[in-house]
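First the structure, in the form of structure tokens, and then the observations on it.
In what follows, every chain begins at residue 1, and chains take the letters A, B, ... in the order their sequences are listed. Computed over heavy atoms, backbone and side chain alike; hydrogens, waters and symmetry mates excluded. Computed from a predicted model, the values in this text were never measured in an experiment.
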Protein chains: 2
Amino acid sequence: MTIRDVAQAAEVHVSTVSRAFSAPHLVKRETRERVLAVAAELGYQPNETARALTTGRTRNLGLIVSDIANPFFPPLIKAAQAHARVRGYQVFVADTDEDAAVEEELIQTLARQVDGVILVSPRLANDDIGRLGGELPFVLVNRSVPGLSAVLMDVANGAALAVDHLAGLGHEHLVLVGGPRGSWTSAQMRRAAGKAAADQGVRLDVLGPNPPTEHGGIAATPAVLETRATGVIAYNDLVAIGLIEGLDDRNVHVPRDISVIGVDDTVAGRLNRPRLTTVAMPTAAAGRTAVDLLIQALETPGEPATAQTMLATSLVIRDSTAAPEQPAG
Amino acid sequence: MTIRDVAQAAEVHVSTVSRAFSAPHLVKRETRERVLAVAAELGYQPNETARALTTGRTRNLGLIVSDIANPFFPPLIKAAQAHARVRGYQVFVADTDEDAAVEEELIQTLARQVDGVILVSPRLANDDIGRLGGELPFVLVNRSVPGLSAVLMDVANGAALAVDHLAGLGHEHLVLVGGPRGSWTSAQMRRAAGKAAADQGVRLDVLGPNPPTEHGGIAATPAVLETRATGVIAYNDLVAIGLIEGLDDRNVHVPRDISVIGVDDTVAGRLNRPRLTTVAMPTAAAGRTAVDLLIQALETPGEPATAQTMLATSLVIRDSTAAPEQPAG
DNA sequence: ATGAAAGCGCTAACAA
DNA sequence: TTGTTAGCGCTTTCAT
């Protein structure tokens with residue numbers, strides 16, 4: 001079923017059929033209706049590949065994440081896919097396994113099949129991103145690079161809320177368990193938590209870098225205990241959960257002995273016992289916004305307009321935080 | 001950078017450049033090396049779209065899952081992507097939101113951009129799958145349709161192991177909390193658990209259908225309690241976790257009062273407290289096998305060979321199962 | 001408002 | 001072993 005079959009059956013030229021689909025206003029109403037009817041009857045579907053070859057546009061978007069298995073990403077992916085679909089685009093998801101080299105390779109590979117790429121929580125350095133951003137339209141999520149569009153989540157405020165919550169509970173010595181090297185989110189948290197701690201007059205130690213996984217949390221346990229802090233802010237829910245597990249193995253009880261706060265508000269944190277106090281991230285909104293920004297960039301000819309959007313976060317208080325135990329005596 | 005630029009720079013005809021890339025053995029070694037060197041120098045990358053248009057093959061595979069956020073899928077997706085990539089294919093993932101209609105629509109949409117589709121745990125009826133399977137190569141995972149290739153996980157044996165484990169612990173009355181309508185896995189579990197229970201001489205009640213989510217488990221709690229069974233086999237880990245939560249809310253303790261077994265061996269089950277006893281599914285292997293089957297079908301001309309592969313499962317015993325409490329007496 | 005014709009970048013017979 | 005040629009299915013000037 002090609003455009004030619006339809007043209008023949010509808011007794012018009014192929015270009016008229018083409019227009020009926022891609023520039024309907026250029027064809028007389030009755031002609032268009034006849035063409036569309038014939039096409040439907042024949043079960044004709046435009047060949048996207050041929051279309052892409054002539055137009056140079058695939059109507060596909062790439063979405064690169066560091067780890068699909070990290071529960072932070074699925075809601076973002078789902079939202080992006082659903083949103084893009086109604087706007088006539090397909091989203092292709094790829095996983096870098098937390099590896100900056102794989103990330104670059106995937107961008108190069110995807111570049112040939114998509115019109116633009118959404119890079120979520122990249123591990124690549126700013127310079128590399130900037131260089132690649134010159135080759136095709138990019139939208140970043142959780143990363144700010146001059147000249148590129150980005151959707152940011154206000155994790156700085158989230159970290160400040162976490163510090164305030166802990167300080168309000170009476171904790172005087174906190175520790176921040178940072179995330180992976182190259183993480184913008186981790187850097188933001190560190191800066192904001194530092195300032196909030198100073199404002200509150202509490203001490204804040206900083207640990208890291210750590211892998212953003214449960215195992216990273218388990219591995220960080222001894223270092224956390226060494227600080228003798230009574231309140232912990234972890235890079236994300238997974239790290240927080242691993243930490244709670246590591247503490248539990250050493251008979252340190254959360255929240256009785258130590259309070260722990262995660263970031264992301266994933267299912268994992270809800271399932272965990274104790275239920276995790278965490279900074280909720282607007283992941284679905286971020287996915288939709290990134291798609292909007294990218295499509296807008298693609299469909300607006302002129303300048304590659306760069307836009308930064310900051311999305312609000314909030315603190316979800318559950319069972320992993322409590323007032324510090326009164327020192328015996 | 002097109003094939004023509006390379007041809008000109010290397011002083012050969014475009015077809016020679018084309019061959020140097022897609023049929024290297026057809027071009028003399030030194031010519032090929034010169035062409036490749038020139039291409040590398042110029043930064044030439046073959047245009048996949050143009051290639052797809054002439055060959056009729058995209059080297060893209062579609063992977064359709066019902067819910068990316070269900071932790072059962074990510075390991076399968078990751079394995080499939082990684083495996084396909086080394087074999088020269090890209091995998092595009094789409095999410096149906098547990099909706100059979102969306103599933104069909106996605107298959108139709110993807111059909112135009114991929115060479116074949118892997119359908120994981122489909123919700124569509126066998127007839128519909130069979131019909132769509134006529135239009136492009138399919139590989140099913142967790143579903144058996146005559147005439148189509150499939151990767152199956154031996155959940156029947158898994159369910160039997162679960163029944164045996166519970167019966168061995170001394171439970172005499174079990175209940176199976178089934179999954180969604182249209183789930184092959186659920187049907188297999190029901191059949192196998194029924195047989196195993198009969199063999200063991202224990203009673204087995206069956207509940208369902210239920211959504212395959214934590215909420216489905218919570219909602220099933222009253223019905224489970226009504227059966228007065230002391231051992232539960234849930235459709236998957238999420239349902240098991242929801243059920244444990246629902247029981248906890250009613251002050252029914254797991255495993256003291258009721259034992260619960262999940263299926264899938266997801267992170268969620270490991271994180272849950274009590275840690276979940278569960279049937280481990282070979283998800284990564286299933287992803288790789290499905291990719292292999294599909295690529296084999298694509299690259300073997302002749303008949304659409306249909307192959308069924310059955311992958312083994314095992315029981316992981318953790319903390320959500322125990323001997324039933326002795327009736328006070 | 002429609003038709004004619006060129007061409008997107010590449011592959012694949014067929015020739016030489 | 002390499003060159004020639006004819007498209008793949010569609011869009012898009014340019015005419016009419």
_Using heavy-atom distances to pick each residue's nearest nucleotide on DNA chain C, tell me which of Arg19(A) and Arg19(B) is more 5'._
Arg19(A)
*Could you tell me the separation between the CG atom of Leu53(B) and the P atom of dC8(D), rounded to a whole number of Å?*
9 Å
*In this structure, are over 12 heavy atoms from other groups packed under 6.0 Å from Gln108(A) atom CD?*
yes
*Check every atom of dG9(C), dC10(D), dT1(D) against the side chain of Arg4(B) and return the nucleotide holding the closest atom.*
dG9(C)
*For dA12(C), does OP1 or OP2 lie under 4.0 Å from any side-chain N or O of Thr55(B)?*
no
*asked:* For Thr58(A), is there any backbone N or O sitting under 3.5 Å from a side-chain donor or acceptor partner on Asp115(A)?
replied: yes
*Name the closest nucleotide to the Thr54(B) side chain, picking from dC10(D), dG3(C), dT11(C).*
dT11(C)
*Interatomic distance, Met1(A) CE vs dC8(D) P [rounded to whole Å]*: 15 Å
*May I ask you to say whether Glu30(B) pairs ionically with Arg34(B), meaning some side-chain N is under 4.0 Å from a carboxylate O?*
no
*Roughly how many Å is it from CZ in Arg57(B) to P in dT11(C), rounded to a whole number?*
12 Å
_Assuming nearest nucleotide by heavy-atom distance, tell me which of Tyr44(B) and Arg29(A) is located more 5' along DNA chain C._
Arg29(A)
*Could you tell me the separation between the CG atom of Leu26(B) and the C1' atom of dA13(C), rounded to a whole number of Å?*
12 Å
_Can you measure Arg34(B) atom CZ to dT1(D) atom C1' for me and round it to whole angstrom units?_
12 Å
*asked:* Under 4.0 Å from OP1 or OP2 of dA4(C): is there any side-chain N or O of His13(A) that close?
replied: yes
*Thr55(B) side chain vs Arg51(B) backbone, donor-acceptor pair below 3.5 Å*: yes
*asked:* What's the separation between atom CG in Asp95(A) and atom CD in Glu103(A), rounded to the nearest 0.5 Å?
replied: 10.5 Å
*Which part of the nucleic acid, if any, lies within contact of Phe21(A), taking any heavy atom under 4.0 Å across all strands shown: a base, the sugar-phosphate backbone alone, or nothing?*
nothing
*Using the closest heavy atom to pick a nucleotide of DNA chain D for each, name whichever of Glu48(A) or His25(B) lands nearer the 5' end.*
His25(B)
*Any sub-3.5 Å donor-acceptor pair from Ser186(A)'s side-chain atoms to Gly179(A)'s backbone N or O?*
yes
*Given atom CZ of Arg112(B) and atom C1' of dC10(D), what is their separation to the nearest angstrom?*
14 Å
*asked:* Can you tell me which nucleotide in dG9(D), dT11(D), dT11(C) comes closest to the side chain of Ile3(B)?
replied: dT11(C)
*With respect to the phosphate group of dC10(D), does any side-chain polar atom (N or O) of Thr49(A) fall under 4.0 Å of OP1 or OP2?*
no
_Phosphate-side-chain proximity, Arg51(B) and dT11(C), N/O vs OP1/OP2 below 4.0 Å_ = yes
*asked:* If you compare every side-chain N and O of Ser18(A) against the phosphate oxygens of dC10(D) (OP1, OP2), does one of them come in below 4.0 Å?
replied: no
_Atom-pair distance (CZ on Arg32(B); C1' on dT1(D)), nearest Å_ = 12 Å
*Round to a whole Å and report the spacing from NZ of Lys28(B) to C1' of dG3(D).*
14 Å
*Does a nitrogen or oxygen in the side chain of Ser15(B) sit under 4.0 Å from OP1 or OP2 of dT2(D)?*
no
